[in-house]
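Supplied in structure tokens, the structure appears directly below.
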Amino acid sequence: MESKHKIQGPALLLAGPGTGKTYTLGLRLKYLIVEMDVPPDSITVITFTAEAAKNMRSRISDPEKEALFLPYTRQPSNILTMHSLGFKIIRSYPDKVNLQESIRLIPGDLEKSILLGDAAQLSGHGRSLGQEVATCRQFGDCQPVDEPKCQVCEIYKHILRKCSSLDYDEQILLAVELLEKHPKIRNEYQQFTRHLLVDEYQDINSAQFKLIQLLSEGQEDGLFVVGDDDQSIYSWRGGSPKFIREFASKVIPLNKSYRCHSNILEGSLKVVETFDSDRLQKNPFEYMVEDGPKIKVHNAPSDKKEAIIVRSIVQSALPSQDVLILVPQRQFAESVAEELRSNQIGFTTRANVPGIGLPLISRLNDWLTNPSDSVAFRRCLESFMERIDSPVPTKRARKAERIQEREGAFSQIASLWKKVLSGEVDSLWSSLEQVHEDHDLYTPLWEAFSLLLQQYRENGDIREFSTSLATTLSPWRGIKPFLGEVTAWVDSIRYSGMEGADASVRIMTFQGAKGLEAKVVCVLGLEEGIIPRGESDIPEQSRLLFVSMSRSINELHLFHARVRSSQVLMRNAFAGGKPSVEPSRFIEAIPDEYSEKVYHRA
């Protein structure tokens, strides 16, 4: 039988967790270059994350991994993420999509949301319509029609083009548009994708599917994709298992488990088998590792006690085994993190940077050093509008007249874009400078930011600048939030470095665990209302837990608490004190054959 990595495409490698998909992709790459004499730069490997691309490059560069090793001169230059590939295509022809050579990438969802709100108001609608457009763009299935959402989208794109900027989704959307409209450019890039290898195929959305189609058009025999519909967990941005389930060509299963032993993988599979009836049927797994202990399902009296139990598991595992602690949201990790800190146990985390005050000041610096950076300036204007003593009603306003007043104030801010969009001025700051006497809202805006700009350019007294900064932007609502954010930043560096870059304990969210593995895995927060959270998307939520559970190599610990604090659950009030919570229905799907329950007294 022909080796799986040698089969001619188009082919789908159906690879469950720990079945060696990265290794098989590496074998495919070496087979094409060494045995088939394919020019390396006619091969493109698309990974899901930049870390996965780095890992692939590292594997084929290691001479000790003889089966995968390729000399540097025979390695493809294109081993990258889908978004990086899209950006690369756009950067080659910025003029074709009305961009300048110095393309800026919007740094996050907050600024995208602000600009979409502006676009909604410029089209004559409420700011909330911008969020609907954001969701639509994440799915990547853009079919413009004459309706408000599409009008908002066009204005939003016009704003971005005037700022020579892209948002995260546009790296794919614009690349698709470019290749569709310009056959010569498509033919040029198809020379680099004569053989197109795509990892994590189960997580692509419609726009990414189109990009793959365009790049492999007419040379589908070089298409080789890898994925597992049981691990499709990105529906919130349009990712769908349908692309893998509807793959019409060769489907090749990988069913040897090199990571999980049978108790872990069989127990994990029962969750998706029970709650995802549309999943592709898989052949039984063959286990290449020795069997290990059953999955332990811990019934903890509270989240505080849960943290102590996790800490005890960590101490038992170290130093011979690494530990991965997975939580549904970041606040679920606070008790565990504090317990680890107090016991001098170092850990790393891919947590979002804590707080928004310091990132806001960084964006102010972007504008101060380059006043033509309209996106950075618009972010600062948002904070001016939301500052502590702002006359503008807050987001929490509920009375109709207050909501209308708030919309009206932000509509004035959105109007500043008109001069930019018409080409009358080259930046939002220039627009404000021209109209600062035309409206009661504009004058204090112009005065506040003129003062900051003057103080910055004069490099004067830091005390005066700090006072202006606090008055204009209100990065923090008080002393404690300020000190808390600074401490969190310092801690994120200090504690992540306690055991260096290779710290043996990691804390991640379920979503962030994609592609990871550890000898010991603890999964927290397995309660109804948390996972699954509501009754929608039960199949995907079961897949999310499956992905989390199947990160484990030796030991898997699942946790649910009988009581969880309101600070963790982020609810405002509970009748009769702290809530009691029920174990997740997903736990009940795991047979006793593969699991054992552990009850912890209060």
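Residue numbers run from 1 in the order of the sequence given.
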Do K21 side-chain atoms and T19 backbone N/O form a donor-acceptor pair below 3.5 Å? no

Over all heavy atoms of both residues, which pair between V272 and S542 is shortest? Give the atoms and the distance, please.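 Of all heavy-atom pairs spanning V272 and S542, the closest is CG1-O, 3.7 Å.
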
With side-chain contact (heavy atoms from CB on, under 4.5 Å) as the criterion, how do I531 and L526 come out once you've worked through the C-alpha distance, each side chain's angles and the decisive distance to 0.1 Å? CA-CA 6 Å; I531 183 165; L526 300 185; 3.6 Å; yes

So do the side chains of N299 and P583 get within less than 4.5 Å of each other, counting heavy atoms only?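 Sidechains of P583 and N299: no contact.
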
Starting at CZ of R137, measure out to CG of D169 and round the result to the nearest 0.5 Å.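 Going from the CZ atom of R137 to the CG atom of D169 covers 6.5 Å.
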
Would I233 and F510 count as a side-chain contact (heavy atoms from CB on, under 4.5 Å) here? Give the steps. CA-CA 10 Å; I233 58 174; F510 294 170; over 6 Å; no

Taking all non-hydrogen atoms of both residues, which atom of G227 and which atom of L12 are closest, and how far apart?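 Taking G227 first and L12 second, the nearest heavy atoms are N-CD1, 4.2 Å.
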
Candidate pair T47 and D199, rule side chain to side chain donor-acceptor pair (under 3.5 Å), full reasoning: CA-CA 5 Å; T47 63; D199 197 7; over 6 Å; no

V523 side chain near R551 side chain, heavy-atom distance below 4.5 Å: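 No; the side chains remain at least 4.5 Å from each other.
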
For the backbone of N205 and the side chain of Q208, can you confirm whether one donor and one acceptor N or O come within less than 3.5 Å of each other?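 Confirmed, Q208 side chain pairs with N205 backbone.
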
Among R533, R585, H560, find the one that has a side-chain hydrogen bond (donor to acceptor under 3.5 Å, both in side chains) with E528. R585

Ring-plane angle category for F559 and H298, please: parallel below 30°, perpendicular beyond 60°, tilted otherwise.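 Taking H298 first and then F559, their aromatic rings lie parallel (interplane angle under 30°).
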
Would the distance check show the side chain of Q190 and the main-chain N or O of L214 forming a donor-acceptor pair, the cut-off being under 3.5 Å? yes

Looking at E596 and K296, does any basic side-chain N land under 4.0 Å from a carboxylate oxygen?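 A salt bridge links E596 with K296.
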
Would you mind reporting whether T44 and Y189 have side-chain heavy atoms less than 4.5 Å apart?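 The answer is no, as the side chains (C-beta and beyond) never meet within the 4.5 Å cut-off.
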
Lys/Arg N to Asp/Glu carboxylate O, D41 vs R194, below 4.0 Å: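 A salt bridge is absent here (no side-chain N lies under 4.0 Å from a carboxylate O).
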
Please determine whether a side-chain nitrogen of the Lys or Arg among K210 and E180 lies less than 4.0 Å from a carboxylate oxygen of the Asp or Glu.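 E180 and K210: not salt-bridged.
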
Using only atom types and a distance under 3.5 Å, with no angle test, would you say the side chain of E517 pairs donor to acceptor with the backbone of R259?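 Absent.
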
Counting C-beta onward and ignoring hydrogens, is there a side-chain heavy-atom pair between S232 and D203 closer than 4.5 Å?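 Result yes, sub-4.5 Å side-chain heavy-atom pair found.
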
Would you call the rings of F275 and F586 parallel, tilted or perpendicular, where under 30° means parallel and over 60° means perpendicular?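 Perpendicular: the ring planes of F275 and F586 meet at over 60°.
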
Using modelled atom types only, decide if a donor and an acceptor are shared between the side chain of E334 and the backbone of R330 within a distance under 3.5 Å. no

Given the rule in the side-chain contact (heavy atoms from CB on, under 4.5 Å) test, do M549 and V521 qualify, once you have shown the distances and angles that lead to the verdict? CA-CA 7 Å; M549 294 172 67; V521 172; over 6 Å; no

For the CG atom of L223 and the OG1 atom of T193, what is their distance to the nearest 0.5 Å? 9.5 Å

Enter the distance from I590:CD1 to I264:CD1 here, rounded to the nearest 0.5 Å.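 These two atoms lie 11.0 Å from each other.
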
D109 with R237: basic N within carboxylate O range, under 4.0 Å: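 No salt bridge links D109 with R237.
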
What pair of heavy atoms forms the shortest contact from Y23 to R59, and how long is it? N-NH1, 3.7 Å

Looking only at heavy atoms, what is the nearest atom pair of Y287 and S257, with distance? CD2-CB, 3.8 Å

Check this for me, if you would: do D228 and R279 make a salt bridge, where the nitrogen-to-carboxylate-oxygen distance has to be below 4.0 angstrom?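 Salt bridge: no.
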
In Å and rounded to the nearest 0.5 Å, what is the CG to SG distance from N554 to C260? 10.0 Å

Taking the side chain as every heavy atom from C-beta outward, state whether L85 and L215 have any pair of such atoms under 4.5 Å apart. yes

Kindly give the heavy-atom pair with the smallest separation between N187 and Q191, and that separation in Å. O-NE2, 3.1 Å

Could you tell me if E188 and Y93 have a donor-acceptor pair between their side chains, going purely by distance under 3.5 Å? yes

Could you tell me whether E540 and R543 have a side-chain N and a carboxylate O separated by less than 4.0 Å?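 A salt bridge is present here (some side-chain N lies under 4.0 Å from a carboxylate O).
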
Which distance, rounded to the nearest 0.5 Å, do you find between the CG of L524 and the CD of E306? 4.0 Å

Can you check side-chain contact (heavy atoms from CB on, under 4.5 Å) on D229 and K282, steps first, answer last? CA-CA 10 Å; D229 63 319; K282 313 293 195 305; 2.8 Å; yes

Heavy atoms, side chains only, cut-off 4.5 Å: are I212 and Y201 in contact? yes

Could you check whether any side-chain N or O of R506 sits under 3.5 Å from a backbone N or O of L326, counting only pairs where one atom can act as donor and the other as acceptor? no

Check: K250 side chain, Q8 main-chain N or O, donor-acceptor pair, under 3.5 Å: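 Answer holds: yes.
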
Correct closest heavy-atom pair for I530 and G525 would be CG2-O, 3.2 Å

S165 side chain vs I106 backbone, donor-acceptor pair below 3.5 Å: no

Compare all side-chain heavy atoms of K30 with those of L68 and state whether any distance is below 4.5 angstrom. no

Are the charged groups of E273 and K270 less than 4.0 angstrom apart, N to O? yes

Where do E200 and Q202 land on the side chain to side chain donor-acceptor pair (under 3.5 Å) test, with the steps shown first? CA-CA 5 Å; E200 305 290 5; Q202 75 279 349; 2.6 Å; yes

Sub-3.5 Å donor-acceptor pair from the side chain of E555 to the main-chain atoms of G292, do we have one?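 No, because the side chain of E555 does not come within donor-acceptor range (under 3.5 Å) of the backbone of G292.
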
Within-4.5 Å side-chain heavy-atom neighbours: L340 and I325: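 Sidechains of I325 and L340: in contact.
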
For residues Y156 and E170, is any side-chain donor paired with an opposing acceptor at under 3.5 Å?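 On atom types as modelled, these side chains do not qualify, holding no pair under 3.5 Å.
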
How about E35: does its CD atom have over 12 heavy atoms from other parts shown lying under 6.0 Å from it?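 Correct, the count exceeds 12.
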
Sidechain-backbone polar pair: D322 side chain, A518 backbone, donor-acceptor under 3.5 Å: no

Stepwise, does the salt bridge (Lys or Arg N to Asp or Glu O under 4.0 Å) test hold for E154 with K157? CA-CA 5 Å; E154 287 304 310; K157 289 191 289 185; 3.0 Å; yes

In this structure, CD1 of I309 is separated from CG of D303 (nearest 0.5 Å) by 11.0 Å

